Amino acid sequence: MSIFLRITLASIDHTLQKIFSKVHAGKDMAASADREASGKVVENAHEERFSGKYVEKIKRLPEKIWGMMWKVGKEDPRRFIHALKVGSSLTLVSLLYLVEPLFKGIGQNAIWAVMTVVVVLEFTAGATLCKGLNRGLGTLLAGSLAFLIEYVTTNSGQVLRAVFIGGAVFLIGATATYIRFFPYIKKNFDYGVVIFLLTFNLITVSSYRVQNVLKIAHERLSTIAIGCAICLFMALLIFPNWSGEDLHNSTVSKLEGLARSIEACVNEYFSEVKPAEEGNEPTEDRIYKGYKAILDSKTSDETLALHASWEPRRKRHCYISPWKQYIKLGAVLRHFGYTVVALHGCLRTEIQTPLAVRALFKDPCIRLAKEVQKVLMELADSVRHRRQCSPEILSDHLHEALQDLNIAIKSQPRLFLGSNDNQTSNMLALAAAQASQKNHKVSLPSVKTDSSALLEWRTKRASEQSRENERKCLRPQLSKIAITSLEFSEALPFAAFAALLVETVARLDLVIEEVEELGQVACFKEFRPDDQISITCERLPVDVYHNHLPSHGAE
């Protein structure tokens with residue numbers, strides 16, 4: 001009976017365990033199903049969010065493109081006009097293919113006219129003239145030389161003719177490439193030499209298989225002439241943009257940029273408000289934008305001057321091309337810009353003069369900066385209106401501001417020169433700082449066998465390591481401690497700032513001399529006392545250098 005009872009209880013227990021295991025398995029399956037469902041929900045939410053952002057970006061893309069197009073056109077409306085001119089030129093030259101009579105007369109060589117329009121038509125008339133005449137002259141010389149070689153080798157055999165053509169290609173190619181290194185050729189006719197090489201090789205090599213080389217040269221020359229004629233017509237007669245005007249306007253913007261940079265530098269130096277707390281455009285950006293274009297303008301000015309030298313003289317503006325004088329003035333303005341860069345660097349030095357000390361010299365420095373800014377803006381106004389500058393452009397107010405700054409500095413001698421006692425103590429402090437830097441060597445004691453010597457050595461080593469760690473923590477500050485221990489160090493940064501500010505006044509004479517010489521060479525009109533002079537610039541000028549697109553390849 002007991003055995004039967006035990007078997008029954010065991011079976012019941014086994015059954016209950018199966019039931020409980022199935023219940024737990026069901027719960028686990030339900031939990032895993034819930035987790036999978038929640039994971040799918042989260043994944044679907046992420047996918048919907050990502051797809052929503054992607055769709056939103058696609059919807060905003062036309063608006064961004066239109067905004068960018070509007071911004072570029074608003075900065076300089078000439079860009080939109082130039083785009084229309086290029087489109088019209090390509091349409092006209094495409095008629096050589098589209099119109100049947102023109103296509104029969106020119107044939108497949110009409111593609112050279114299309115390529116000429118794409119390559120030659122530039123933003124300004126000077127650049128178009130330079131590239132168009134280079135391309136036409138290079139093609140004409142190459143075709144003439146290729147015809148001469150064809151005439152010489154007409155009665156020769158095939159082998160002798162091939163050898164002669166190969167030798168001519170080698171000799172002409174090496175000579176023309178070497179000529180490209182000549183400074184004058186590289187500056188004015190480099191593109192023409194490249195076109196000469198290309199055309200000569202194409203015609204000469206193809207003449208070995210084609211009988212009528214004169215026809216090839218004539219067709220290519222005629223198509224290139226058609227393309228150049230369309231480009232010159234669009235560049236010179238349809239809303240022309242002159243490189244000389246761009247060079248003139250860039251000179252005006254340089255003078256105005258220097259004036260804004262000097263004013264912003266001085267105002268920030270004496271300002272009690274941090275740049276981050278200002279609500280408008282950061283002063284750092286205003287200073288940097290003012291002189292950045294001047295420092296990077298050498299290559300662009302030379303390119304504009306080169307293109308302007310190809311342009312015809314226009315009696316409306318000047319009788320003599322003064323482009324070399326603009327280059328000289330640009331060089332003087334770059335040297336002036338280096339002083340402004342150094343003045344800007346005084347705002348970010350590690351050792352700064354306290355505001356309380358700066359306040360002693362605030363008024364004369366701000367007055368001097370305003371007078372310098374006034375002179376630069378008057379020069380910019382005279383160049384803009386092609387008028388000679390006033391003989392009294394360096395007014396008495398500028399000299400008075402210099403005198404006031406000199407008096408203010410002399411009235412505070414203790415800020416720049418310390419007393420003898422203080423100098424002695426400061427020298428001792430500096431010597432102590434230098435000595436602490438040198439005393440960092442670790443000396444090991446002699447080896448002993450007893451435990452007391454080992455304990456003594458460990459104690460001494462621990463103390464030396466602690467001192468070494470302390471010196472490592474203090475070493476980066478020793479140079480600043482040595483500097484700030486000097487009594488005149490508080491006024492030393494301001495002395496550098498004041499010296500650079502006075503240097504800008506000294507460099508004004510060089511700028512005025514170059515502007516006066518520019519007015520004489522360019523035949524600017526005489527200054528009259530009743531002329532109104534504008535010394536403000538409401539908006540930043542257009543950066544004319546961004547209008548000149550880079551050229552890629554000869555074709």
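No experiment lies behind these values; they were computed from the predicted model shown. No hydrogens, no waters, no symmetry mates; every other heavy atom, side chains included, goes into these values.
- Look at Glu263 and Arg367 and you find no salt bridge, because none of the NZ, NE, NH1 or NH2 atoms lies under 4.0 Å from a carboxylate O.
- Around NE2 of His397, the count of heavy atoms belonging to other residues, nucleotides or ligands within 6.0 Å does not exceed 12.
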Under the side-chain contact (heavy atoms from CB on, under 4.5 Å) rule, what do Ile195 and Asn134 come out as? Steps first, then yes or no, please. CA-CA 8 Å; Ile195 295 299; Asn134 269 274; over 6 Å; no
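- A salt bridge links Arg78 and Asp246; the closest N-O separation between the charged side-chain nitrogens and carboxylate oxygens is under 4.0 Å.
- Of the listed residues (Thr128, Leu121, Val120), just one forms a side-chain contact (heavy atoms from CB on, under 4.5 Å) with Leu232, and that residue is Thr128.
- The side-chain contact (heavy atoms from CB on, under 4.5 Å) with Arg135 is formed by just one residue from the set Thr116, Thr199, Val194; it is Thr116.
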Would you sort out whether Glu150 and Arg161 count as a salt bridge (Lys or Arg N to Asp or Glu O under 4.0 Å), showing the intermediate values? CA-CA 9 Å; Glu150 174 68 15; Arg161 185 183 181 190; 2.7 Å; yes
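- What you find for Phe497 and Cys346 is that their closest heavy atoms are CD1-CB, 3.8 Å.
- Under the 4.0 Å criterion applied to side-chain N and carboxylate O atoms, Glu378 and Arg387 are not assigned as salt-bridge partners.
- A salt bridge links Lys131 to Glu122: at least one charged side-chain nitrogen sits closer than 4.0 Å to a carboxylate oxygen.
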For Glu516 and Gln388: C-alpha separation, side-chain torsions, deciding distance, then whether side chain to side chain donor-acceptor pair (under 3.5 Å) applies. CA-CA 7 Å; Glu516 289 178 347; Gln388 295 183 3; over 6 Å; no
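- Within a 6.0 Å radius of NZ in Lys370, other residues, nucleotides and ligands contribute 12 heavy atoms or fewer.
- Between Pro322 and Ala522, the closest heavy-atom pair is CG-CB, 3.7 Å.
- A salt bridge does not link Asp301 to Lys328: none of the charged nitrogens lies less than 4.0 Å from a carboxylate oxygen.
- In terms of heavy-atom proximity, Phe164 sits nearest to Ile149 at CE2-CG2, 3.8 Å.
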